[in-house]
Amino acid sequence: MLDFLGNLKRTHYCGELRAKDEGRDAIVMGWVHRRRDLGNLLFLDVRDRTGIVQVVFNKETQPAAHAKAEQARSEFVVAVEGKIVKRQKANPELASGEIELVAAKLHILNNAKTPPFPIENEINAAEETRLRFRYLDLRRPKPHRNLALRHRIILEIRKVMDEMGFIEVETPMLTRSTPEGARDYLVPSRIHHGQFYALPQSPQIFKQILMIGGLDRYFQIVKCFRDEDLRADRQPEFTQLDLEMSFPRQEDIFGVIEKVMVHACAVAGIKAEAPFPHMIYKDVVRKYGSDKPDLRFGMELREVTHCFPEEAKQKLQIEGNVFAFAAPEAAAYSRKQLDELTEKAKSLGARGLYFAKAEGKGITSTVEKLIGGLNVIKLAEAVGAKTSDLVVAVSAKTQIKGTEAAALIAGQLRLQLGEALGVIDKLQWRFLWITGFPLFEWSDADKQWVSAQHPFTGIVDEDLEKLESAPWEVRSKGYDLVLNGYELGSGSIRIHRQDIQERLFKAVGLSEEQLRRRFGFFLDALTYGTPPHGGIALGIDRVVMLLAGEKSIREVIAFAKTTAAQDLMADSPSDVDPAQLDDLGIAIKAVKKAAQ
């Protein structure tokens, strides 16, 4: 027979009880974490979101409470009335381990089936199982800590933004479809038959319009939606800190975000120091082989094309530049390990991977016969190889317009080897601003230059004359913030003049009709005295993931979706009633399955 809560009121949280509470009467409420029956003494560990307290039921002194406790099982919901006493022997593994609660009365408020996995901090259950039973997974201490950290970080961000004079403004969730780099999630309109809203990929146009409206400093903790392929640090719906400022210099925006990140890190007990360093996009790719480099270890890239004579290049079919780096203490790598690295490089698009080993007897190389002994020495010197180091050089199969293909491949190998060799200092927090991005990137699919970011990104003033004649040389006023190999966010100084905005739209192939249909209201707004403005958006999920020490943003989102964009707990997406489709005038078109 289950009990009712009635007027019973909790006096203490389980995990907050301490030795100072000895002698007090207490009422705790929570779940049965563990049960141990020793005959006359029965112990229940009772758990709530703050932790665990041990409850003692004595058959001789409180027979009714003891008899009730015999009915309790794991994950039953209980309330316990009793007195706090000091333990004879403290349990150092529990925060409340100096005391225990001697029960006078037990109320069983609900029973529970046996859970599909133990409610422990660390478990071996598959992620799919955890997400399917997310309401059980959330009872574990680790998700509690992550969600509490997320709450405190967002609270601190709001406080800091308010102190800097920003106003939080909500922008619409139902808006129009505009091209922003990914597919939109579309919402059909019942009232306007055949027309659709789009869920926002970002509040980009609205926050720019807020600047036109004179808000001057806007921010928002906002949900955004992108229908794109998922990965560990990406979800179809995500949260970002979105902000925009009027009349800013790039440095002003950097200063705002640096203050936000210093405070956010402090919430997690991490000391970050501002100002953060800056690097130019081209330099960072050539040095680290990535536009989101991990600065916590060395192994920097060097261009070593000069170490490969023309005859060797022809035999090795090398086109473009060759990049290399030295992997410390990796000269002992076996032939099997080198073959695995080579296969990995080829899967990334490498034409070839060339090795040199710096050993006590000298430097040997897999391409020594082709490039000659002197060039092998030059290769090792170029990357600063020391004794016992492995030199890894990379050429690319296909060149990428506007960037260094071989460097991008070498950068991924650098990360893999850095992890494998244990040279990444996990206690460092290395921020980096990257600027000087190209405004356009080449699209093989469209056979034209397309916006590398979104089409509202400002253009470096002196490059404006090249917009139509040499788009590959045009630099943007965009910038990224990177932390420990992760891009936290992107932003830019925007285009605030209608004439320049129209020129850019036309440069990416939009016709006059397309311009008016997609952006007419925005282009009109630009004609009414738009101030210079700029902003940035940081991924809150990714920030919290890093500060919580997690490797997936699913660990810091209460109800996350799988990499197949499914909510396993709610069984979403799902079919809907045909009547709902009829109201919207929508018919489901059958999709032909590809031939096996």
Side-chain angles (χ1 to χ4, degrees), residues 273 276-308 318 320-333 337-338 341-342 344-345 348-359 363 365 367 371 375-396 400 402-437 479-488:
E273 295 184 358
F276 303 155
H278 300 192
M279 283 191 75
I280 300 295
Y281 168 77
K282 285 184 178 179
D283 295 339
V284 82
V285 168
R286 290 177 64 85
K287 191 170 184 178
Y288 296 104
S290 172
D291 61 0
K292 47 181 184 293
D294 192 334
L295 305 184
R296 293 174 296 173
F297 68 110
M299 293 171 58
E300 296 172 2
L301 309 187
R302 297 288 185 269
E303 187 197 329
V304 293
T305 317
H306 63 280
C307 299
F308 290 76
I318 293 175
N321 291 324
V322 181
F323 282 82
F325 61 90
E329 304 295 325
Y333 263 33
Q337 288 173 300
L338 297 181
L341 269 179
T342 301
K344 173 67 175 177
L348 296 171
R351 167 73 68 190
L353 205 59
Y354 323 108
F355 301 106
K357 291 184 176 183
E359 298 172 301
I363 301 171
S365 173
V367 289
I371 69 173
N375 279 317
V376 169
I377 293 171
K378 282 184 184 178
L379 177 61
E381 289 176 346
V383 296
K386 299 180 178 62
T387 302
S388 299
D389 287 357
L390 173 70
V391 179
V392 182
V394 184
S395 66
I400 302 171
T403 191
E404 294 282 6
L408 295 173
I409 299 165
Q412 294 186 65
L413 297 178
R414 170 185 178 266
L415 286 174
Q416 180 178 320
L417 281 167
E419 194 71 48
L421 296 169
V423 298
I424 302 176
D425 185 351
K426 306 289 182 164
L427 298 178
Q428 287 193 50
W429 297 86
R430 300 289 300 275
F431 288 92
L432 177 68
W433 286 109
I434 302 177
T435 59
F437 287 95
Y479 34 80
D480 282 1
L481 180 63
V482 174
L483 171 62
N484 292 356
Y486 287 87
E487 178 196 315
L488 294 187

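Between Ile363 and Leu379 the shortest side-chain heavy-atom distance does not fall below 4.5 Å. When side chains are defined from C-beta on, Leu432 does not count as touching Tyr288, because their heavy atoms never get closer than 4.5 Å. For the pair Phe325/Val392, a side-chain contact is recorded, criterion being any heavy-atom separation below 4.5 Å from C-beta on. Residues Leu390 and Lys357 form a side-chain contact, since some pair of their non-hydrogen atoms from C-beta on lies under 4.5 Å apart. By the 4.5 Å heavy-atom criterion applied to side chains, Leu341 and Leu417 are counted as neighbours. Using a 4.5 Å heavy-atom cutoff, the side chains of Leu421 and Tyr333 are in contact. Taking the side chain as every heavy atom from C-beta outward, Ser365 and Asn375 never approach each other to under 4.5 Å. For the pair Phe297/Arg414, a side-chain contact is recorded, criterion being any heavy-atom separation below 4.5 Å from C-beta on.
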Checklist entry - Would Trp429 and Glu273 count as a side-chain contact (heavy atoms from CB on, under 4.5 Å) if you check the C-alpha gap in whole Å, the side-chain angles of each, and the deciding distance to 0.1 Å? => result CA-CA 9 Å; Trp429 297 86; Glu273 295 184 358; over 6 Å; no
Next on the checklist: Could you go through Trp433 and Asp480, starting from their C-alpha distance and side-chain angles, then the distance that decides it, and tell me whether this counts as side-chain contact (heavy atoms from CB on, under 4.5 Å)?
Outcome noted: CA-CA 6 Å; Trp433 286 109; Asp480 282 1; over 6 Å; no
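Thr435 contributes no side-chain N or O that, together with a main-chain N or O of Ile280, makes up a donor-acceptor pair within less than 3.5 Å. Looking only at distances, no side-chain donor or acceptor of Ser388 sits under 3.5 Å from a matching main-chain atom of Ala331. With Asn321 contributing its side chain and Ala406 its backbone, the two residues share no donor-acceptor pair below 3.5 Å.
Aromatic ring centres of Phe308 and Tyr354 lie closer together than 6.0 Å.
Each of Met299, Glu329, Arg296 was compared with Val423 under the side-chain contact (heavy atoms from CB on, under 4.5 Å) criterion, and only Met299 meets it.
For the atom pair CG of Asn484 and CG of Leu295, the computed distance is 8.0 Å after rounding to the nearest 0.5 Å. Separating the CG atom in Leu348 from the CG atom in Leu408 is a distance of 10.5 Å, to the nearest 0.5 Å.
Taking the six-membered ring for Trp and thresholds of 30 and 60 degrees, Phe431 and Phe276 have nearly parallel ring planes, at less than 30 degrees apart.
Lys426 and Glu419 are joined by a salt bridge, as a carboxylate oxygen and a charged side-chain nitrogen come within less than 4.0 angstrom of each other.
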